[in-house]
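Following: one structure in structure tokens, then a few remarks.
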Amino acid sequence: MDRETALQDYHKSVEKTVSDFRSSLGAYLTDHAIYMEDMVRRGMELLGERMKKQGKEYVCCLYFSLLRADLLERKYRFYLHGLDMRWYLDDEPAEVYVDAPELFVPIEKLLDALKEADKGYGGVINRYDIWNMVFDELPLFNSIICQILRYCLRDWEEKGIFDSVVRSPYWLVKWGEYRDRSEFLIQTDRVEKPDTAWKEELAKAAHKPEQMVFGYWYKAACSGKSPKNLDMRFITFDGCTIKDTAFENCNMEGSRFPDSKITGCSFTGCCLTGADFRKCSFEKTSFAGATLTGAVFPAQSVPFLDIDAQQLQAIYLDRGNEE
């Protein structure tokens, strides 16, 4: 059998193995959500110690990276590097490794299964062919971890997850492969914007759809302009006043509104899946027609927000310190 034919036959023979890996990966990683959160905390503690040894004043860019070279050695860990405002031009980044063997169990099993299926091909299928198949699954692996951690880390401040690391007012956390595709986990920009910024950014978003994704608004006055059909996933309004704004058919999945006041607003047709309104106050605001699956609201506010019975079944109620 020539190599090309053998490769085609081998790929066909392991289709179910790869399919089973993909279909079960999400459930496995979801079951390890707390493990991942603890891993991030451990990483921050190690990074904080490294920064002290280096005399590094602060970081603003935190990257969790998966190194393919580590996988080849079956070292199941993530590389965490902290950079200052110069990003990759930072000549003294703080760098540590965080062990996370439990997250890699599905990959380990996939690798073993692919090696077992290699028998009978007389060495035509080599280790590089097998590793290339494993590497092809890494974008899915990283993407699922990102989706889970975005929700796990929403309470980072209350939990003190990043307290070990000195950060600038603007800082971010990204996850992915080293200097390759990566995704935002968190972006924080605690610098007050001028009153005109809200209208200006919405105007830009009309021509640049990703403009508002992971946006961060700190103590801002957001009023006077109503966004429609915009991608506003994981946007944060921190200590903001949102007034007389009609959000219409906007994707606001994973949005957060800590310590914000929403007055005279509506969210008709918006996707607010996983949105966090726990520390938010409302006045004359309606969520009629919004998708609220997994959204969290202060329990005392819900009766006044035009949330119908069907929506009520999909949300979570935060009762604060009530017994």
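Since the structure is predicted, the reported quantities are computational estimates derived from the model, not experimental observations.
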Below 4.0 angstrom, N of the basic side chain to O of the carboxylate: do [X] and [Y] qualify?
| X | Y | answer |
| --- | --- | --- |
| E157 | K279 | no |
| R68 | E177 | yes |
| E201 | K204 | yes |
| R42 | D38 | no |
| D91 | R86 | yes |
| R22 | E137 | yes |

Take atom CD of Q310 as the centre, draw a 6.0 Å sphere, and report whether it contains more than 12 heavy atoms from other residues, nucleotides or ligands.
no
Could you tell me whether E92 atom CD has more than 12 heavy atoms of other residues or ligands within 6.0 Å of it?
no
So how far is it from [X] [atom1] to [Y] [atom2], rounded to the nearest 0.5 Å?
| X | Y | atom1 | atom2 | answer |
| --- | --- | --- | --- | --- |
| Q8 | H11 | CD | NE2 | 9.0 Å |
| L185 | Y151 | CG | OH | 12.5 Å |
| L272 | F297 | CG | CZ | 6.5 Å |
| F234 | F214 | CZ | CZ | 5.5 Å |
| L317 | L312 | CG | CG | 6.5 Å |
| M51 | R167 | CE | CZ | 9.5 Å |

So [Y] and [X], do their side chains get closer than 4.5 Å, heavy atoms only?
| X | Y | answer |
| --- | --- | --- |
| C280 | I262 | yes |
| T245 | P227 | yes |
| W156 | V40 | no |
| I186 | L149 | no |
| P258 | D276 | no |
| F304 | T285 | no |
| H81 | S65 | yes |
| D90 | K56 | yes |

So L153 and V173, side chain to side chain contact (heavy atoms under 4.5 Å, CB included) or not? Walk me through it.
CA-CA 11 Å; L153 300 180; V173 184; 5.7 Å; no
Minimum heavy-atom distance between [X] and [Y], given as atom pair plus value:
| X | Y | value |
| --- | --- | --- |
| P298 | F277 | CD-O, 3.1 Å |
| L103 | F141 | O-CE1, 3.4 Å |
| T17 | A113 | CG2-CB, 3.7 Å |

Please list all pairs passing the ring-ring contact (aromatic ring centres under 6.0 Å, His included) test where one or both residues lie in residues 31-51, with sequence neighbours left out.
Y28-H32
Test ring-ring contact (aromatic ring centres under 6.0 Å, His included) on Y88 and Y63 and set out the steps.
CA-CA 11 Å; Y88 283 118; Y63 287 80; 5.5 Å; yes
Partners meeting salt bridge (charged side-chain N to carboxylate O under 4.0 Å, His left out) with K159 (sequence neighbours left out):
E37
Results of salt bridge (charged side-chain N to carboxylate O under 4.0 Å, His left out) for K208 - residues two or more places apart only:
none
If you group Ile, Leu, Val, Met, Phe, Trp and Tyr by side-chain heavy-atom gaps below 4.5 Å, do [X] and [Y] land in one group?
| X | Y | value |
| --- | --- | --- |
| F184 | F162 | no |
| I130 | L7 | yes |
| M212 | F257 | yes |
| L67 | L111 | no |
| Y97 | M36 | no |

I'd like to know whether L80 forms a side chain to side chain contact (heavy atoms under 4.5 Å, CB included) with F64, so could you lay out the CA-CA distance, the side-chain angles of the two residues, the decisive distance to 0.1 Å, and finally the verdict.
CA-CA 5 Å; L80 170 57; F64 282 89; 3.9 Å; yes
Taking [X] for its side chain and [Y] for its backbone only, find out whether a donor-acceptor pair lies under 3.5 Å.
| X | Y | result |
| --- | --- | --- |
| S182 | G176 | no |
| D129 | N126 | yes |
| R190 | P169 | no |
| S19 | E15 | no |
| S164 | G48 | no |

Set out, in order, the CA-CA distance, both residues' side-chain angles and the distance that settles side chain to side chain contact (heavy atoms under 4.5 Å, CB included) for T30 and I148, then state yes or no.
CA-CA 7 Å; T30 299; I148 294 169; 3.7 Å; yes
Against the six-membered ring of W198, is K193 placed for a cation-pi contact (under 6.0 Å from the centre, within 45° of the normal)?
no
With side chain to side chain contact (heavy atoms under 4.5 Å, CB included) as the criterion, how do E108 and R74 come out once you've worked through the C-alpha distance, each side chain's angles and the decisive distance to 0.1 Å?
CA-CA 8 Å; E108 177 84 359; R74 294 201 174 191; 2.7 Å; yes
Among Y216, W171, Y170, side-chain hydrogen bond (donor to acceptor under 3.5 Å, both in side chains) partner for Q187
Y170
ring-ring contact (aromatic ring centres under 6.0 Å, His included) evaluation trace for F104 with F78:
CA-CA 11 Å; F104 291 88; F78 292 97; 5.2 Å; yes
